[in-house]
Protein chains: 2
Amino acid sequence: MSVSLTERHYGEYTAGRSGKMKLSTKGRYGLRALIDLAQYSGDGPVSITSISVRQDLSERYLEQLMSLLKKAGLVRSIRGAGGGYVLAKDTKEISVGDVLRALEGSLEPVDCPGLDPEGGCKAADSCVTKYVWKRINESITRTVDEISLDQLVEESRKKCASDADRTKCKN
Amino acid sequence: MSVSLTERHYGEYTAGRSGKMKLSTKGRYGLRALIDLAQYSGDGPVSITSISVRQDLSERYLEQLMSLLKKAGLVRSIRGAGGGYVLAKDTKEISVGDVLRALEGSLEPVDCPGLDPEGGCKAADSCVTKYVWKRINESITRTVDEISLDQLVEESRKKCASDADRTKCKN
DNA sequence: AGAAATCCCAGTAAATTACTAGGAAATATG
DNA sequence: CATATTTCCTAGTAATTTACTGGGATTTCT
């Protein structure tokens, strides 16, 4: 009989029964983590451990998400004891779109080769659906780019201020 | 040595290297098929075989997509020789949103239990990201619901009318 | 020196996608 | 009435992706 010692962070396979057009846990967890980071930074860098405890996320997994955010230039890291992460820009300068693209890659609903010139889509010029994917893409982009991290942090502050039980404040 | 007799419709695993937030082939193929159906109906029902030839899609797979469209009440079927499919409504009454939801299921980027009342999201009331997913959902919904099949058929007609080589007209 | 962090890479079970396959049932036509 | 054509239904499967876990090197503060 084998016993697993490490408790599994009970997984969300793209939030229960999935359809498509879903954000993965990367985008969902990552945005929560970044809001948390924004809230708790100010007195020095914020460690992955502290975020993972507050937000109830796997420490190891979060590590990977932070790496993506770093690569995208949204956060900076400070190594060694007492280290952690800080935002690389002001919260007003970071949009939800920046965060999600860093974590999920392109948010375009279809990687249509007809959308960029060098692609080799056979039906490129007679392609009608391309127009649809473009419209969807524009509307998603517009939406996520007009929400700033700043707004979310503010919103969270309001909600959690009135909340006696801080552990419930998980974004 | 074994030889495969059935040629595989060389697959698109969600359009090459995927990210997330992607439409599956169901949505992409299905919309093309429905545009085709709209264009070629008028003189009786349109068969799956004819659509699959014109649009270069797997006949068997398309069958499954049509079944979904039927279940959603977008098309009606006529069985037996000379049968096929016809639109169940006018093209003006069918939106891209109707089609995509029939094929892909919900288009919401996150199945957030906090979004419907009876869900059991622990962080429900302090959940800030929920607001983001709601905004994205609204913008996608608005966009896909304001494009009608009618518009796409018209667009396709314009493009293909000036196209000598009909085989290129694949939507 | 030692603890606390980030960093980096590898592995894996579960889920999903994008099909293929087989055959039953219905219907028009010769 | 036989036959071809067509929808209908269910099952199977290889490739791919997701959502993690794990080990260990490296950096830095104390």
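In the text below, chain A, chain B and the rest are named by the order of the sequence lines, each starting its count at 1. As the structure is a prediction and not an experimental result, all values here were calculated from the model.
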Closest to the side chain of A:Y85, out of D:dT5, C:dA18, C:dC7, is C:dC7
Per the under-4.0 Å heavy-atom filter, residues of residues 62-78 of chain A near DNA chain C come out as A:E63, A:Q64, A:K70, A:S77, A:I78
Matching residue for A:Q55 among A:I35, A:L62, A:D36 - test: side chain to side chain contact (heavy atoms under 4.5 Å, CB included): A:D36
Heavy-atom nearest pair, B:A88 first then B:G73, reads CB-O, 3.4 Å
Atom pair distance, as rounded to whole Å: OH in A:Y61 and P in C:dA13: 18 Å
Quick one, A:K22 and B:S106 - any side-chain contact, counting heavy atoms below 4.5 Å? yes
Atom-pair distance (CG on B:L103; C1' on C:dA18), nearest Å: 14 Å
Would you name the heavy atoms of B:L37 and B:Y85 that are closest together and state the gap between them? CD1-O, 3.2 Å
With respect to the side chain of B:S58, which nucleotide from D:dT27, D:dT21, C:dT20 is positioned closest? C:dT20
Side-chain N or O of B:S47 versus OP1/OP2 of D:dT5: is the shortest distance under 4.0 Å? no
Please determine whether any donor N or O and acceptor N or O are separated by less than 3.5 Å between the side chain of B:R79 and the base of C:dA25. yes
Rounded distance in Å - CZ (A:R60) to P (D:dA25): 13 Å
Nearest to the side chain of B:I48, heavy atoms from C-beta on, is which of C:dA3, D:dT7, D:dT21? D:dT7
Mind calculating the distance between CG (B:L57) and P (C:dT17) to the nearest angstrom? 18 Å
Atom of B:L68, atom of B:K26 and distance for their closest heavy-atom approach: CD1-CD, 4.2 Å
Rounded interatomic separation in angstrom, taking NZ from B:K26 and P from C:dA18: 8 Å
Axis-to-axis angle between the two ends of the helix from C:dA1-D:dT30 to C:dG30-D:dC1 (five base pairs per end, rounded to 10 degrees): 10°
Between C1' of C:dT16 and CG of B:D111, the distance in whole Å: 14 Å
Least distance between heavy atoms, A:A38 atom then A:S41 atom: O-OG, 3.4 Å
Mark yes or no for whether B:T143, through its side chain, and B:S139, through its backbone, hold a donor-acceptor pair below 3.5 Å. yes
Phosphate-side-chain proximity, A:T25 and D:dT18, N/O vs OP1/OP2 below 4.0 Å: no
Closest heavy-atom pair, A:L74 versus A:D98, reported as atoms and distance to 0.1 Å, is CD1-O, 3.8 Å
So salt bridge (charged side-chain N to carboxylate O under 4.0 Å, His left out) across residues 68-82 of chain A, not counting sequence neighbours, yields none
Measure from CG on B:L37 to C1' on D:dT7 and round the result to the nearest Å. 14 Å
Can you identify which nucleotide, out of C:dT17, D:dC20, D:dG24, has its nearest atom closest to the A:Y29 side chain? D:dC20
Grab the CD-P distance between B:E59 and D:dT6 for me, whole Å please. 9 Å
Output yes when A:R32 and A:D56 qualify as a salt bridge under the 4.0 Å nitrogen-oxygen rule, no when they do not. no
